[in-house]
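Residue indices begin at 1 and follow the sequence shown.
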Amino acid sequence: QVQLVESGGGLVQAGDSLRLSCTASRRAFSNYAMAWFRQAPGKEREFVAGISGSTGITYTADFVKGRFTVSRDNAKNTVYLQMNSLTSEDTAVYYCAGRYGAVVRSTDYSYWGQGTQVTVSS
């Protein structure tokens, strides 16, 4: 079993930046593809960004390209989401997710964090 713990959410103003972190409890973290999803009230959970295990190839949703960057530090079992130029549209609960194998943009992930709230005031 893998436990994922997110941190770094909060209340910011439009135009500000935040960095979310997600730390995994398991060894061999580099074998797992990791992703960030978000879910706003009344909306479905959507893929934001993902990063493959050993290669570090990244995937980003079109609506955050150029603003959000996903990265990972396998030595620390941690994946990050750097979010810049935040807008009110980015307000949501952000979830970290992991799966063995490749990054997918669906919610087909085996492990999920508890979520961290990001609120952007305009």
Side-chain angles (χ1 to χ4, degrees):
Q1 189 72 10
V2 178
Q3 291 185 332
L4 303 175
V5 179
E6 300 111 333
S7 62
L11 172 64
V12 297
Q13 294 186 340
D16 285 352
S17 298
L18 273 179
R19 188 176 80 157
L20 305 182
S21 300
C22 171
T23 300
S25 62
R26 185 165 178 159
R27 294 180 181 178
F29 175 72
S30 62
N31 291 335
Y32 289 81
M34 301 298 295
W36 289 96
F37 287 77
R38 70 185 187 185
Q39 187 166 19
K43 295 188 177 181
E44 293 187 352
R45 193 169 297 189
E46 61 182 357
F47 175 85
V48 175
I51 184 166
S52 63
S54 56
T55 65
I57 296 174
T58 61
Y59 307 82
T60 308
D62 288 344
F63 56 81
V64 298
K65 276 184 179 176
R67 299 190 301 125
F68 291 11
T69 303
V70 60
S71 62
R72 67 191 295 160
D73 185 340
N74 288 338
K76 296 182 178 180
N77 284 8
T78 300
V79 61
Y80 305 97
L81 183 67
Q82 177 66 44
M83 305 186 294
N84 299 327
S85 302
L86 287 162
T87 74
S88 58
E89 297 293 313
D90 297 315
T91 294
V93 177
Y94 284 72
Y95 296 91
C96 171
R99 70 191 304 270
Y100 190 80
V103 171
V104 296
R105 294 175 183 258
S106 70
T107 56
D108 186 19
Y109 284 74
S110 302
Y111 308 106
W112 291 86
Q114 80 286 356
T116 185
Q117 177 70 46
V118 172
T119 303
V120 184
S121 64
S122 56

query: Any donor-acceptor pair under 3.5 Å linking the side chain of Tyr32 with the backbone of Ala24?
result: no

field: Distance, nearest 0.5 Å, that separates CG of Leu18 from OG1 of Thr116
entry: 8.5 Å

query: Applying the 4.5 Å side-chain criterion to the ILVMFWY set and letting contacts propagate, would Tyr111 and Tyr100 be lumped into a single cluster?
result: yes

Hydrophobic cluster identity match, Trp36 and Val104, side-chain contacts under 4.5 Å: no

- prompt: What are the two closest non-hydrogen atoms of Ser85 and Ser17, and how far apart are they?
  reply: N-OG, 4.3 Å

statement: OG (Ser25) and CG (Leu4) are apart, to the nearest 0.5 Å, by 7.0 Å

message: Taking Glu89's backbone N and O only, do any of them form a donor-acceptor pair with Thr91's side chain (distance below 3.5 Å, no angle check)?
response: no

message: Can you give me the closest heavy-atom contact between Ser88 and Ser122, atom names plus distance?
response: CB-CB, 4.4 Å

- request: Check for a donor-acceptor pair, side chain of Gln39 on one end and backbone N or O of Val93 on the other, with a separation under 3.5 Å.
  value: no

field: Rounded distance (nearest 0.5 Å) linking atom OG of Ser71 with atom CD of Gln82
entry: 8.0 Å

Distance (rounded to the nearest 0.5 Å) between Leu20 CG and Met83 CE: 4.0 Å

task: Kindly say whether Val5 contributes a backbone atom to a donor-acceptor pair with the side chain of Gln114 at under 3.5 angstrom?
output: no

- prompt: Are Thr107 and Trp112 side-chain neighbours, meaning at least one heavy-atom pair lies under 4.5 Å?
  reply: yes

task: Hey, could you give me the CG/CZ distance between Asn77 and Arg72, rounded to the nearest 0.5 Å?
output: 9.0 Å

- prompt: Which atoms form the tightest heavy-atom contact between Thr60 and Lys65, and what is the distance?
  reply: O-CE, 3.4 Å

statement: For Val48 and Val64 the tightest heavy-atom approach is O-CG2, 3.7 Å

message: Looking at Ser52 and Ile57, would you say the former's side chain and the latter's main chain have a donor-acceptor pair under 3.5 Å?
response: yes

query: Is Arg45 reaching over with its side chain to a backbone N or O of Ser106, donor-acceptor style, under 3.5 angstrom?
result: no

- prompt: To the nearest 0.5 Å, what is the distance between OH (Tyr94) and SG (Cys22)?
  reply: 15.0 Å

statement: Minimal heavy-atom distance between Gly115 and Glu6, with the atoms involved, is N-OE1, 2.8 Å

- prompt: So, for Val79 and Cys96, which heavy atoms are closest and what is the spacing to 0.1 Å?
  reply: CG1-SG, 3.9 Å

task: Go through the steps for Phe68 and Asn84 under the test side chain to side chain contact (heavy atoms under 4.5 Å, CB included), then give the verdict.
output: CA-CA 6 Å; Phe68 291 11; Asn84 299 327; 5.9 Å; no

- prompt: Should Leu81 and Val118 be counted in the same cluster of Ile, Leu, Val, Met, Phe, Trp and Tyr side chains packed under 4.5 Å apart?
  reply: yes

query: Do Tyr80 and Arg19 meet the criterion of a side-chain donor-acceptor pair at a distance under 3.5 Å?
result: no

Sub-6.0 Å ring centroid separation between Tyr95 and Phe37: no

field: Worked verdict on Phe47 versus Arg38 for side chain to side chain contact (heavy atoms under 4.5 Å, CB included)
entry: CA-CA 7 Å; Phe47 175 85; Arg38 70 185 187 185; over 6 Å; no

task: Begin with the C-alpha distance, continue with both residues' side-chain angles, and end with the deciding distance and a verdict on side chain to side chain contact (heavy atoms under 4.5 Å, CB included) for Met34 and Tyr109.
output: CA-CA 9 Å; Met34 301 298 295; Tyr109 284 74; over 6 Å; no

message: Can you confirm whether Phe63 is buried at CZ, in the sense that more than 12 heavy atoms of other residues, nucleotides or ligands lie under 6.0 Å from that atom?
response: yes

message: Taking atom CD as the centre, does Gln3 end up with more than 12 heavy-atom neighbours from other residues, nucleotides or ligands that are less than 6.0 angstrom away?
response: no

query: Thr78 and Asp73: side-chain donor and acceptor closer than 3.5 Å?
result: no

